[in-house]
2 protein chains.
Amino acid sequence: MAKKRASITDLAEQLNIAASTVSRALNGHSAISEATTKRVLALAKELGYQPNNMAAGLRRGRSNMLGVVVPHIDGNFFSQVVKGIEASASKAGYHVLICQSNEDVVHERQNVETLLNAQVDGILVSLSRTTREFKHFEKVRKRDVPIVFFDRILEGYDVNAVVLDDRAGGYRATKHLLTQGYQRIAHFAGPQHLNIYKHRRQGYEEALREHGLPVDEELILFCDMKMQDGIVGTKQLLALPQPPDAIFSASDFTAAGALQVLKERGLQVPADMALVGFSNELFSRLTEPMLTSIDQHCEAMGHSATRLLLQIMKEQGQHFAPRHIVLQPELCMRASSLHQHQVELSYKKK
Amino acid sequence: MAKKRASITDLAEQLNIAASTVSRALNGHSAISEATTKRVLALAKELGYQPNNMAAGLRRGRSNMLGVVVPHIDGNFFSQVVKGIEASASKAGYHVLICQSNEDVVHERQNVETLLNAQVDGILVSLSRTTREFKHFEKVRKRDVPIVFFDRILEGYDVNAVVLDDRAGGYRATKHLLTQGYQRIAHFAGPQHLNIYKHRRQGYEEALREHGLPVDEELILFCDMKMQDGIVGTKQLLALPQPPDAIFSASDFTAAGALQVLKERGLQVPADMALVGFSNELFSRLTEPMLTSIDQHCEAMGHSATRLLLQIMKEQGQHFAPRHIVLQPELCMRASSLHQHQVELSYKKK
DNA sequence: AAACATTGGGCAAAAGTTTACGCAGCTATT
DNA sequence: AATAGCTGCGTAAACTTTTGCCCAATGTTT
């Protein structure tokens, strides 16, 4: 059955005018008399005319699509960022094409190729964990396709990016623990070639130094940020001659692992050991005690990155200096790091 | 700078052959001599030729894109389904266009329009919570665009769908509680116009009846499945003259709310009250005690729905009877519903 | 009255690909 | 020797929209 879609020329024929006139009337372009415009719009509505995007795209060289490459789309952080991206993009009349790199730089390269191939008008990328170089983005630059990186970036390259102030996040988390009176604070650190984990650690160290405390290498455990790593790491910390009295974990998952071990050992949180995580995962309000964490404003990051991309697309050709937007994280204090009498101070309703 | 992309005609000119020959050589289509094909491929590689998808799409009337409409893309369930969809689609050479309805039927209607407009070759939809009729999908049928619904569907319409056997899920959860010796089992039920919640309740009632127990209306609480609803509902249940000894919640969130209240009141889980949730959210392994739940195999659902859609697309024109694929949920027994000496039996590593 | 500007809209090319059709030139069959 | 069939490739149309250019008609100025 499949009714043939009405095309611009169909309208033109029925109205005895030229297709170009119809096109201009529909786009409110050049000066077309109001009478003609009205006739065109009326018939368009009657026939249920829908512009053919591919034809328009072909002609204009634009597709009205934005491409997004994320390490994976499940999980709290990226799904929320993508939510923000989709919302902003669709408001601006753009579609969103989503690819997952699966934390694999090879996939990432393919994804980028794929998106260029699909002729997206702009690209948003958060790097995979295994990405250590930038070659595969050269083509993007050569094709002059605007690109904005978010959250995970490679340092030393001048690119447009929206990132979180992870250093401030690490600093605030640690400072909070210090303010609460904890003195020997351990840190679960992630892969240091990723800006985000490096900065969280730097913020941690900065807070310690500012407080006149030494940075004890023994208390910094590098791992992959899985829950299991938190379990192993915590056992390791507890086996130290002088165990810490608090842990600042660069991920809520490792913090959850820690919590589990501590409970098993009959240790009280936060009395015997305080915990602060990072990311403000959904479950951080569901643990017992509730987990203090750093909120990343994921959705805002999606919006921000999209806005930046759209702006750069508008400026095409003018090539301003790459811009960095830095978002501020927020400390969500909860029971896992608060001394007894205090309650949850910053309750962020989602 | 923006290097002009090499087109098929550029190749043709340089090789002194017709564009059509190049096209056929690239697509390995009709009989083109091996020698010519090789020459074409060589030059294509040299010039970095990338086919122009919009032109091809325009000509063929296909876009190589699948559209997806979900209520929202954050949260455990949908982000995982989408992950599955994206993976399957990209393996088959399709891109994925994602829209969020924000649980709003008005948005949903727009999303569908938008996708038709973008000329997607097929559509995957999970209905918004506020969708109670099907009008906005008529256009899809008229245009003969294949469509597959997943998880949330409207009953009484003959459509292609991939759903979970929610009834079996509800049945197994309740049966499990009964097997564990619980006798008075309450149920947090979701909006009943949605198939998923209705079926979960039906499964619950079926298990009760099968066990010779009455269905006590007093013990079934209808709500919106937020954590807050679980908190309110549990208080209500505890205030009954004869409170239940177990709750089967149609969502992990309400179950988490329940858990919180029970702890506050000093009640033991599962000794005083057992809990079973639904969805196997990430956090269900992080609560104390760990929450028994029903896993929905979200990613598998994404794969399954995509496969079905692709198959229907292949059969275009032949119009077979609508197909329903029913996936089986899995009970993940954990401490919140197991009598003391038992441990987690089915540990599903994610 | 002639020159000019403005308005409204048509013509045709262009974007890059696919494909039905056809045409040579050759081999094989009758 | 004539017909048929195959191989390899070219021609041209088609898909739909946009846009630079042009033209006619009307209105305005000198």
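- Following rounding to the nearest Å, B:R60 (CZ) and C:dG16 (P) show an atom-to-atom distance of 17 Å.
- With sequence neighbours excluded, the residues satisfying ring pair (Phe, Tyr, Trp, His ring centres under 6.0 Å) with B:F137 are B:F134, B:F149.
- B:S7 comes within 4.0 angstrom of the backbone, heavy atoms only, and of no base.
- Across all strands, B:N16 comes closer than 4.0 Å only to sugar-phosphate atoms, never to a base (heavy-atom distances).
- To the nearest 0.5 angstrom, A:E299 atom CD is 9.5 Å from A:S79 atom OG.
- As rounded to whole Å, 13 Å separates atom C1' of C:dG16 from atom CG of A:N117.
- When the P atom of D:dC15 is taken as reference, atom CD of A:Q50 falls 19 Å away, rounded to whole Å.
- At the phosphate of C:dT17, neither OP1 nor OP2 sits under 4.0 Å from any side-chain N or O atom of B:T9.
- Listed by chain and residue number, A:R152 satisfy the salt bridge (Lys or Arg N to Asp or Glu O under 4.0 Å) test with A:E103 (two or more places apart in sequence, or in another chain).
- Taking atom CE on B:M54 and atom C1' on C:dA14, their separation rounds to 14 Å, with Å as the unit.
- Legend: salt bridge (Lys or Arg N to Asp or Glu O under 4.0 Å) pairs involving residues 30-40 of chain B, not counting sequence neighbours: none detected.
- Nearest to the side chain of B:I17, among D:dT17, D:dG10, C:dT17, sits D:dG10.
- Taking only side-chain atoms of B:L58, from C-beta outward, the nucleotide of C:dT17, D:dT17, D:dC15 with the closest atom is D:dC15.
- As a whole-Å value, the separation of B:N64 CG from C:dG16 P is 19 Å.
- Base contact: B:S23 has a heavy atom under 4.0 Å from a base atom.
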For nucleotides 20-26 of chain D, just jot down a letter per nucleotide in 5' to 3' order: B, S or -, based on protein non-hydrogen atoms under 4.0 Å. B------
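- Atom pair A:N52:CG and D:dT16:P shows a separation of 7 Å (rounding to whole Å applied).
- Rounded to the nearest 0.5 angstrom, A:T114 OG1 and A:H107 NE2 are separated by 9.5 Å.
- Position along DNA chain D of the nearest nucleotide to B:T36 versus B:A55 favours B:T36 as the more 5'-ward residue.
- A sub-4.0 Å separation between OP1 or OP2 of D:dT16 and a side-chain N or O of A:Y49 is absent.
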Show me the donor-acceptor pairs within less than 3.5 Å that the side chains of residues 306-313 of chain B make with the rest of the protein, sequence neighbours left out.
| unit_1 | atom_1 | unit_2 | atom_2 | d |
| --- | --- | --- | --- | --- |
| B:T306 | OG1 | B:G302 | O | 2.7 |
| B:Q311 | NE2 | B:E315 | OE2 | 3.3 |

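- Rounding to whole angstrom units, CG of residue A:L11 and C1' of C:dG9 are separated by 16 Å.
- Among residues at least two apart or in separate chains, salt bridge (Lys or Arg N to Asp or Glu O under 4.0 Å) pairs with a member in residues 123-141 of chain A are A:E113-A:K139, A:R129-A:D224.
- Rounded to whole Å, the distance from CG on A:L26 to C1' on D:dT17 is 11 Å.
- Note on B:N53: nothing from the nucleic acid sits closer than 4.0 angstrom, heavy atoms only.
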